[in-house]
Structures are given as structure tokens and as C-alpha cells.
Amino acid sequence: MIQDAVSRTIHAACPHDCPDTCAMRVTVEGQRIVRIQGDPDHPTTHGALCTKVSRYAERTDHAERVLQPLKRVGPKGAGQFVPVSWDEALDDISRRLSDIAARDAQAILPYSYAGTMGLVQGESMAARFFNKLGASLLERTICASAGGEALQQTYGGKVGMHLEQFANSRLIVIWGSNSIASNLHFWTFAQAAKRAGAKLIAIDPRRTETAEKCHQHLALRPGTDGALALGLMHQLITHDWLDHDYLAQHVEGWPALRERALQWPPERTAEVCGLTVDEVCGLARDYGTTRPTAIRLNYGMQRVRGGGNAVRLIALLPCLTGAWREAAGGLLLSASGWFKPARNDAWLQQPQLLAGRQPRTINMSTIGDDLLRPASTAFGPKIEAVVVYNSNPVAVAPESRKVVAGFQREDLFTVVLEHFLTDTADHADYVLPATTQLEHWDAHTSYGHTYALINEPAIEPRGESLSNCEIFRRLAARMGFEEPCFRDSDETLARQAFTSLVDAEALATTGWFKLPLPDAPFAEGGFPTANGKARACGPGLELPDHVPNHESAASTPELAQRFPLAMISPPARNFLNSTFVNVKSLRDIESEPLLEMHADDAASRSLQDGQGVRVFNDRGEYHCTLRVSRRARAGVVHGLGIWWRKLGRNGTNVNELTHQHLTDLGNAPSFYDCLVEVAAL
Ligand SMILES: Nc1nc2c(c(=O)[nH]1)N[C@H]1C(S)=C(S)[C@@H](COP(=O)(O)OP(=O)(O)OC[C@H]3O[C@@H](n4cnc5c(=O)[nH]c(N)nc54)[C@H](O)[C@@H]3O)O[C@H]1N2
Ligand SMILES: Nc1nc2c(c(=O)[nH]1)N[C@H]1C(S)=C(S)[C@@H](COP(=O)(O)OP(=O)(O)OC[C@H]3O[C@@H](n4cnc5c(=O)[nH]c(N)nc54)[C@H](O)[C@@H]3O)O[C@H]1N2
Ligand code: SF4
Ligand SMILES: [Mo]
């Protein structure tokens, strides 16, 4: 029981899917949240939270929060529920799941992502539960697996520069990242570098708020980053801006990559990327002649068919110039691999509970197709039950029409653990009220920095809400799972989430602990590959190449004639994926669902700024408001994400238009590889 002391401040961590993973301090009086602030002592948080999370109390104490278990009474998807007791809900759910499991547990699918990034309320008790059950496994690809696989192939893991080191760089290439919106604390370091004289260059089809504040912005066509990287290599080679010694000692497959890059002179590169020759050559000169140079890559640019190959090529750039030799040089896409030896994953998830069974794997990015698939030898049993936690697939998964049709199946049993009645929760048979970060224990790693963090609960669970772990613990008990691991408490899980690499005492006293890592991790090679080298190609690894989009004038000319505009759908600054869309003060800033379009594209369609438009292709139609904008380049439109469907103009969002074709590596969705046409409503 949390003491009703006068005023207390506890250590917390921001749980959201954001590379910054801020250290927070939460001040409460009794059960009242008085203040949520960034930890001023934490070296990357700097005492500052973003607008979204500064208003976390507004989310936790939101009038529409689900605080009791709810049972469906209306038709599927109508969002009509009545409150029921926990006993009634859990008895019925465990009975339904047991019945299905008695036939084939693989017909049950857990569906989760990063609503919370916590090791505890993410995949700990939940994983134990589904492992014991023998449910289908979920391939968690919806965000980062193309780039993740590319880093794995190139560096041997998701590893990169220290965030803090960007402050000392002389050139920072912000590549496919709207840092001010999605990686604010990196931007603070980039600003420090800028003040010290560094040059900042943004590579992004959209003139984002970040691109505007850089010295230079290269607005390439979506999905052409691999070509740009090859074009840069061509210039690095022909001008001999190479670190020959680094290449010889620490890079595998350089001679073959060199041959391929020489096929990408600036004219060809510029043509494919939709840039000028001067832009390509200027970027190469800056990159080749400045020390130290750093690349901040983000996941936006890998949401296209060739996203994996593009990340492989970009990740090799600092190996060509030897940028890795300095602490303020190199690249950061993800730091999450540094935590591998620090996480007690096997203990948290207990894969041995599978007891030799090897359930099939379902890719979360093709949930639309998979929910509609009949049983077959190749697929296995039809999906009969879905248990959703930490995710909102009806809003965020591609090709919504199919996702919705799947979740509307009368014969599908759906349980959703949630804070709110999201588009997905509306389709549930049971909605179970989950706690927020202020009400539960957790332990956090980060994908943007190298600090482990602890999250202590600040208040008692609101209403009848329970933590994800407690819900799975109670279900496990009802289903007769007797292993002692099903009785580990949330606090035990949080305190034992890390190995001895993380100093538990530091975690308890300051709330965070920086992993002991060298400042310049690859100054002398030592990549976490088998031979310690960065890999361009070699046994079992083909050379990377530019892979054109699934949908483009070059690859699908007939389609491009009917749907000539390339649509990307990057995050809106005041939402986090589909989280916070229901927080009114944040929604008011984003105003309404928008499509940004270049003035020439608007003029050729006789469209005016501010008018209602329909954005469409063969998959569906999305209605929103047109914004004629300098942010858009000709031929590319931006459908800012990710609105709740039910708050949209015609009950849809951008994912009505996206498809389920996967990326070249990592089986990820290609959200930003999508052709559309736009017309007046
Ligand atoms: N405020 C806010 N912060 C967020 C999120 C959010 O929704 N809102 N989402 C979080 C999540 S889930 C993630 S994964 C991370 C990272 O999330 P990302 O999706 O990487 O987010 P951004 O930094 O906005 O980077 C996307 C940028 O890539 C650009 N882009 C799109 N296509 C291309 C392309 O083909 N090439 C290049 N070079 N650029 C392209 C977009 O215009 C956009 O500016 O951010 C997290 N932070
Ligand atoms: N068109 C388009 N689609 C995209 C993207 C895009 O850029 N464009 N981005 C993609 C990316 S990068 C990602 S990561 C995915 C994001 O997809 P998701 O991971 O599904 O992210 P959210 O939409 O934020 O939904 C998370 C849900 O988890 C809930 N939640 C939070 N904490 C808890 C908790 O402790 N317990 C429980 N039970 N629930 C909790 C929140 O209330 C929220 O509804 O979307 C992808 N979809
Ligand atoms: S969403 Fe990102 S920037 Fe905002 S508080 Fe959380 S970790 Fe920090
Ligand atoms: Mo993501």
C-alpha cells in the first residue's frame, strides 16, 4: 500500500515508444499527482519532458479512462459494453481460452507492441502466460525490424554512438528523422553542437520543423535513401575521402561494395533521388571532409520496400570514412542492442515453459490478412482468439479495411487490456482496465541512449485497474498454471529485470544507471559480429543495393498513372503513434486529420488550402483536410499520423490506404511506400 504521506517524489521512467526514454520524477500528495517533471540530474533528460508527457496526469486521470472490466453487449466493433466484475470477466475469459487451447492453443494469438516499453508490463508475465499456453508466437515487426535486421547484418547488433557524444560532432546528418517531434533530447545535443559551430543537414522528403532548423535540407523522394548512400560512396571513392586503414582492418566485403558504388555517379543518384547533382556532391564533400561526423538515422526511412538495404548502406558510410574512430563520429539508429547482456530476458519470459513445443509465428504487420485466413496446412488453425495489450492494431496496422474486417468476425474472441476505448478496444468482447506508468512497477532500457531505468509506482491503481502482469497472473491461476514463476510480483520482476551489469543500488537511489561502455565503441573495429568487422557482404550475406519501392512510377507505372502521389504518414508531434489522440489539449494542437500537399499538386487538381479532400487508392478512402504546404515536395503528400479512426472525418485514418507488403529485410510493413490520388470531397 502506498503511504498517504504529505508529499513524496519517486523515480519514474517515461514508458512510451520514444528513443528518449526520459527519467522522470513524480511528486504526489496522497493519491493526488502534484507534479511530473524530467529528472534534472539525468544526463540526457536534462529536466525536460515533451509536451505530451508533461500532461501525463491529464491522461491518467482522464474522464474517459476505462476503470472497470467491460463486457460487450452490442454488435462487434460498436463499442457497446456493460461493466462486469473481475471475477466474471476472468472466469469467462479463462474458460473461453481453455476451450480453444484444448483443441489447439495456436488458435490463440497475443498481440502487443510498445504502448509501454517496460520490460515488466511488456513481455514478462504475458510471455510466461502465452509460453505456458503454447499460443501462437507474435513476430513484432511493426516499427523497427527492417532497420534492426540491417544493423544486425552490418554491425552484428542494434548498437551505435552514445547520444551525449553528438554534442561534440562537427557535422550531424539527421537522416529520416524529425528529431524535434520524435527525439527531442537528441535535438538538445544537436543544438549544442550547432552552437559550437557544427553543421546540421536533414535528409527527409518532408520539410519538417527539424529540417527547417538545419543548415541544409535535402528533400529526396521517399524510398531512395539507399541510392543516395551509394551515390555518396561513389564520391567518397572518387575523391579519396576514405580511411583505407579502417576499411582494410575492420570492414568485410569492401572491394565488392566499392565496385557497386562506382556504378552510382552523381547524375544517376540525383535522378533517382529527385535531388540536384550539386546537392549530392555537396553532401558527399561535407561528409567526406569534416571530422568528426555523425549520422542520426531514424526509423522513418526504413518503412519502404528497400528500407533494410538502405539502412545497411547508410550504416556502412562511417566505416568508409573511419568516422567511428572518434567518440563524436559514427551513427546512431538504435542503442537497444547494448542492453542485451544487461537484460534478464530468459528469466522474465521463461521460454522453457514452451516445453519443446514450437508454435507457429504470426507477423503482427499482416494481422489484416491473417485474421481473415482459413485454417490450412501451411497456416495452421484459424485464429479464434486475440489478446491485445500495449497496442492499438485497428488504428496502427496497415490496410485497415482488412484489419477491421478481421476484428469484426463474429467468431473471433477478443480481449483488450487498455486504458481507453481505442478503435481496437471497441472491437473487444472484454476490455480489461490496465494501470498506467504512474500506478505500476517497471524497468526500462532505451533505444536512444544507454541508461537503464526503474519505474516505481507513484499512486495506487485508479478504479479497479490492474497491471498487465497482475491480469496475466490472475488468468494463469484460473487456468491452473502452477509453476512458481506465475506468482512473481511486479516488484520482483522489476527489481530482477536486469543482470548484475546494472548496479541495482544506483538504480534504487538515482532511478537510473549508465551502462559501462567505451566512449568510442568501434574506434578499433570490434563490432559485435562473429569476426569483429562491419559487414558489407561475405559468406551468407549479399551485397546491399538500392531497392525501389513496391509502389512507384518506376516499379508500378500503371498504378502510378492512376495514383500519382507518393504518400508518407509520419508521426504528429503531439501524438505518440495513436496514443494521446484522445487527450483534448494535445488533439487541439494537432487540430484535425491533415494532408500536406505541394502548391503545384494542389493547383493541378484545383484544390484549395483548408478544404475537405478524399485521399484514395484501390485499398480505400480517407477523408481529411488539405493543407497546401511548403513542407511537401511536389509529388509527395503527408498524411500525419496516427489519428483514431473514430475521431476521423469518415471513420478512417491513413492506414486505410497503406498495404501489407513487407520490407526487404525484417518482415516489416512499408507504410511510407504507398501511392494515392487526392480529390475534392
Ligand atoms: N512525437 C512523437 N514522437 C515519436 C513518435 C510519435 O508518433 N510522435 N513515434 C515514436 C516511434 S514509434 C518511433 S519508431 C520513433 C521513430 O519514429 P520515426 O517514424 O522514425 O519518426 P520521425 O523521427 O518522425 O522520422 C520519420 C521522418 O522520416 C521521414 N521520412 C519518411 N519517408 C522517408 C524516406 O523515404 N527517406 C527519408 N530520408 N526520410 C523519410 C518523415 O518525413 C519523418 O520526418 O519515434 C518515436 N517518437
Ligand atoms: N501509417 C502509419 N502507421 C504506423 C506508423 C506510421 O508512421 N505510419 N508507425 C508505426 C510504428 S513506428 C509503431 S511503433 C506502431 C505503434 O503501434 P502501437 O504500439 O500499437 O502504439 P500505440 O498506437 O501508441 O498504441 C499503444 C496502446 O497501448 C496502450 N497502453 C499503454 N500503456 C499500457 C499498459 O501499461 N498496459 C496496457 N494494457 N496498455 C497500455 C495505450 O493506451 C495505446 O492505446 O504504429 C505503426 N503504424
Ligand atoms: S515521449 Fe519521449 S520525449 Fe516525451 S517524455 Fe517520453 S521519452 Fe521523453
Ligand atoms: Mo515505432
Side-chain angles (χ1 to χ4, degrees), residues 12-24 36-38 44-45 48-56 59 65-66 111-118 120-122 126 140-145 181-187 298-300 302-303 364-365 387-400 416-425 431-437 439-440 442 444 446-449 453 465-469 471 567-572 575-582 639-644 653-658 668-672 674:
C14 174
H16 289 293
D17 189 349
C18 169
D20 297 18
T21 322
C22 290
M24 309 198 296
I36 300 176
Q37 60 178 144
T44 66
T45 304
L49 303 175
C50 63
T51 319
K52 307 178 287 294
V53 174
S54 307
R55 302 185 184 185
Y56 210 70
R59 187 171 185 278
R65 200 168 145 200
V66 179
Y111 196 99
S112 67
Y113 200 64
T116 167
M117 300 278 293
V120 176
Q121 307 304 341
R140 292 186 173 82
T141 54
I142 203 148
C143 169
S145 58
S182 69
N183 192 190
L184 190 61
H185 295 79
F186 155 77
W187 183 247
N298 210 348
Y299 284 115
Q302 45 105 67
R303 305 194 206 295
M364 70 187 302
S365 303
V387 182
V388 181
Y389 53 102
N390 305 337
S391 187
N392 184 9
V394 172
V396 305
E399 205 172 358
S400 316
V416 178
L417 286 60
E418 250 303 346
H419 302 147
F420 294 104
L421 287 181
T422 60
D423 291 324
T424 306
V431 184
L432 303 179
T435 45
T436 68
Q437 189 78 343
E439 302 155 284
H440 58 223
D442 221 321
H444 286 258
S446 172
Y447 61 103
H449 62 60
L453 302 96
S465 64
L466 296 176
S467 73
N468 290 347
C469 287
I471 295 172
M567 185 188 77
I568 58 173
S569 46
F575 301 151
L576 210 137
N577 301 320
S578 77
T579 304
F580 298 108
V581 180
N582 60 325
L640 298 186
I642 306 174
W643 282 76
W644 285 17
N653 69 15
V654 275
N655 280 322
E656 194 76 5
L657 304 166
T658 53
S670 29
F671 290 113
Y672 301 173
C674 174

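All residue numbers in this chain count up from 1 along the given sequence. Both ligands and their constituent atoms are indexed starting at 1 by order of listing.
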* To do: Write out the protein residues near ligand 2, meaning a non-hydrogen atom under 4.0 Å from one of its atoms, in order of chain and number.
  =>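 Answer by chain and number: D17, R59, Y113, A114, G115, T116, I142, C143, R303, N390, S391, N392, V396, L417, E418, H419, T422, A434, T435, H440, N468, S569, L576, N577, S578, T579, I642, V654, N655, F671, Y672.
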
* **Test side-chain hydrogen bond (donor to acceptor under 3.5 Å, both in side chains) applied to N653 - qualifying residues, sequence neighbours left out** =>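 Testing N653 for side-chain hydrogen bond (donor to acceptor under 3.5 Å, both in side chains), a comparison that skips the adjacent residues, returns none.
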
* Asked: Got a sec, which residues hit side-chain hydrogen bond (donor to acceptor under 3.5 Å, both in side chains) with D442, two or more places apart in sequence or on another chain?
  ->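 If we apply the side-chain hydrogen bond (donor to acceptor under 3.5 Å, both in side chains) test to D442, skipping adjacent residues, there are no hits.
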
* **Separation of Q437 CD from T116 OG1 (nearest 0.5 Å)** =>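 One finds 5.0 Å between OG1 of T116 and CD of Q437.
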
* **Euclidean distance, Y389 OH relative to N468 CG, rounded to 0.5 Å** =>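 N468 atom CG to Y389 atom OH measures 8.0 Å (nearest 0.5 Å).
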
* Asked: What are the protein N/O/S atoms, named by residue and atom, that sit under 2.8 Å from atom 2 (Fe) of ligand 3?
  ->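 Per the 2.8 Å query on atom 2 (Fe) of ligand 3, atoms found are C18 SG.
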
* Donor-acceptor pair between T424 and N392 side chains, under 3.5 angstrom ->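 Indeed, the side chains of T424 and N392 share at least one donor-acceptor pair under 3.5 Å.
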
* Asked: Side chains of N183 and N298: do they bring a donor and an acceptor to under 3.5 Å?
  ->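 No, N298 and N183 have no side-chain donor paired with an acceptor closer than 3.5 Å.
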
* **Heavy-atom closest contact (S467 atom, H440 atom, distance)** =>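 Minimum heavy-atom contact is CB-CB, 4.1 Å.
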
* Asked: Can R140 be said to sit on top of Y113's aromatic six-ring, NZ or CZ under 6.0 Å from centre and within 45° of the ring axis?
  ->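 No - R140 does not lie over the ring of Y113 by the 6.0 Å and 45° rule.
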
* **Any donor-acceptor pair under 3.5 Å from S400 side chain to E656 backbone** =>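 Judged by distance alone, yes, a pair lies under 3.5 Å.
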
